[in-house]
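Input: a single structure, listed below in structure tokens.
Remember, predicted model here, so these are calculated numbers, not experimental data. All chains are named by letter (A, B, ...) in the order of the sequence lines, taking the proteins before the strands, and each is independently numbered beginning at 1.
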Amino acid sequence: AQRVTQPEKLLSVFKGAPVELKCNYSYSGSPELFWYVQYSRQRLQLLLRHISRESIKGFTADLNKGETSFHLKKPFAQEEDSAMYYCALKTDSWGKLQFGAGTQVVVTP
Amino acid sequence: SAVISQKPSRDICQRGTSLTIQCQVDSQVTMMFWYRQQPGQSLTLIATANQGSEATYESGFVIDKFPISRPNLTFSTLTVSNMSPEDSSIYLCSGLPGQGDEKLFFGSGTQLSVL
């Protein structure tokens, strides 16, 4: 069965501290994974995807097929990183996404 | 990047009535998807809206309850029919440009409350 698991509902970190959001997936095919972010009063938007191997706003995520994980990391959290983060798995060639439950990140000064 | 205008942004409706949500994209997109986000939960895909054909519904969602239209490559509607309080949710439309652009983008959502 296809599944995306984000075990942490809430992650509270201090400004300047590292932050890591966990995401594990279950998928029989070749996985394509994304991180989406929703800032307060803004629409959901793409943060990054594993295919691009990019770093956006200091965030990186590496696909680990052995551990079936796609954790999101940032070495030094900023207050503007406070948001809801969703891990998502592409489940077909049309582009359908299955989302995890989401992790609320709160960065305190 | 493309922008979706979704309306209404919120509505309060009486049970038994229907509400139609509209999404207008400022450029042509190959695929559009409709999601629901119930209170405190993640996004759940309702259906995939294809231009010129019937929508494809996910398990647990049916056309009679959530009829969808996709008359062209820039517009889609979702109707929530015969509403009950259990339909209270945020409804989101999204678009996928296609042709190599795999970045799914979202409308701002419709907050629906059913009394």
Side-chain angles (χ1 to χ4, degrees), chain A residues 1-10 21-27 29-54 56 61 63 70 83-105, chain B residues 1-7 9-10 21 23-26 29-51 53-61 70 89-111:
Chain A
Q2 302 156 1
R3 189 167 55 244
V4 180
T5 304
Q6 292 180 253
E8 303 130 335
K9 276 196 165 182
L10 174 66
L21 288 74
K22 290 187 168 41
C23 173
N24 287 90
Y25 67 91
S26 173
Y27 187 60
S30 184
E32 206 171 320
L33 287 133
F34 305 79
W35 277 99
Y36 279 80
V37 60
Q38 188 165 26
Y39 302 102
S40 178
R41 286 187 283 277
Q42 294 187 31
R43 63 186 67 194
L44 193 62
Q45 58 186 285
L46 177 67
L47 179 62
L48 55 79
R49 48 185 180 158
H50 91 270
I51 281 181
S52 306
R53 292 182 162 273
E54 56 204 341
I56 303 292
L63 177 62
F70 188 56
M84 191 71 170
Y85 291 80
Y86 293 96
C87 183
L89 169 70
K90 183 177 169 183
T91 57
D92 74 353
S93 58
W94 287 0
K96 289 196 298 186
L97 295 182
Q98 181 162 341
F99 286 83
T103 298
Q104 179 73 50
V105 172
Chain B
S1 58
V3 176
I4 297 179
S5 298
Q6 181 172 346
K7 59 181 181 182
S9 58
R10 59 177 64 238
I21 302 167
C23 280
Q24 177 73 55
V25 193
D26 65 356
V29 292
T30 304
M31 308 298 296
M32 291 187 75
F33 304 92
W34 286 94
Y35 286 86
R36 180 174 74 180
Q37 187 173 25
Q38 292 180 301
Q41 297 189 29
S42 186
L43 288 80
T44 300
L45 182 63
I46 297 172
T48 302
N50 305 305
Q51 191 260 333
S53 63
E54 271 195 8
T56 305
Y57 290 82
E58 298 299 303
S59 175
F61 297 96
R70 180 91 196 273
S89 187
I90 296 174
Y91 292 84
L92 292 152
C93 64
S94 60
L96 194 67
Q99 298 180 350
D101 187 344
E102 299 292 325
K103 296 177 183 175
L104 190 69
F105 57 99
F106 286 82
S108 52
T110 297
Q111 172 84 59

### Task
For the residue pair B/Leu96 and B/Phe33, establish whether any side-chain heavy-atom pair is separated by less than 4.5 Å.
yes
### Task
Determine whether A/Cys23 and A/Thr5 make a side-chain contact, defined as any pair of heavy atoms from C-beta on separated by less than 4.5 Å.
no
At a 4.5 Å cut-off on heavy atoms, which part of [X] comes close to chain A: side chain, backbone, both, or neither?
{"X": "B/Thr48", "answer": "side chain"}
{"X": "B/Leu45", "answer": "side chain"}
{"X": "B/Glu58", "answer": "side chain"}

### Qualifying residue, where the test is side-chain contact (heavy atoms from CB on, under 4.5 Å) with A/Phe34 and the options are A/Leu97, A/Leu48, A/Leu89
A/Leu97
### Residue list, side chain to side chain donor-acceptor pair (under 3.5 Å) with A/Gln2, at least two apart or on another chain
none
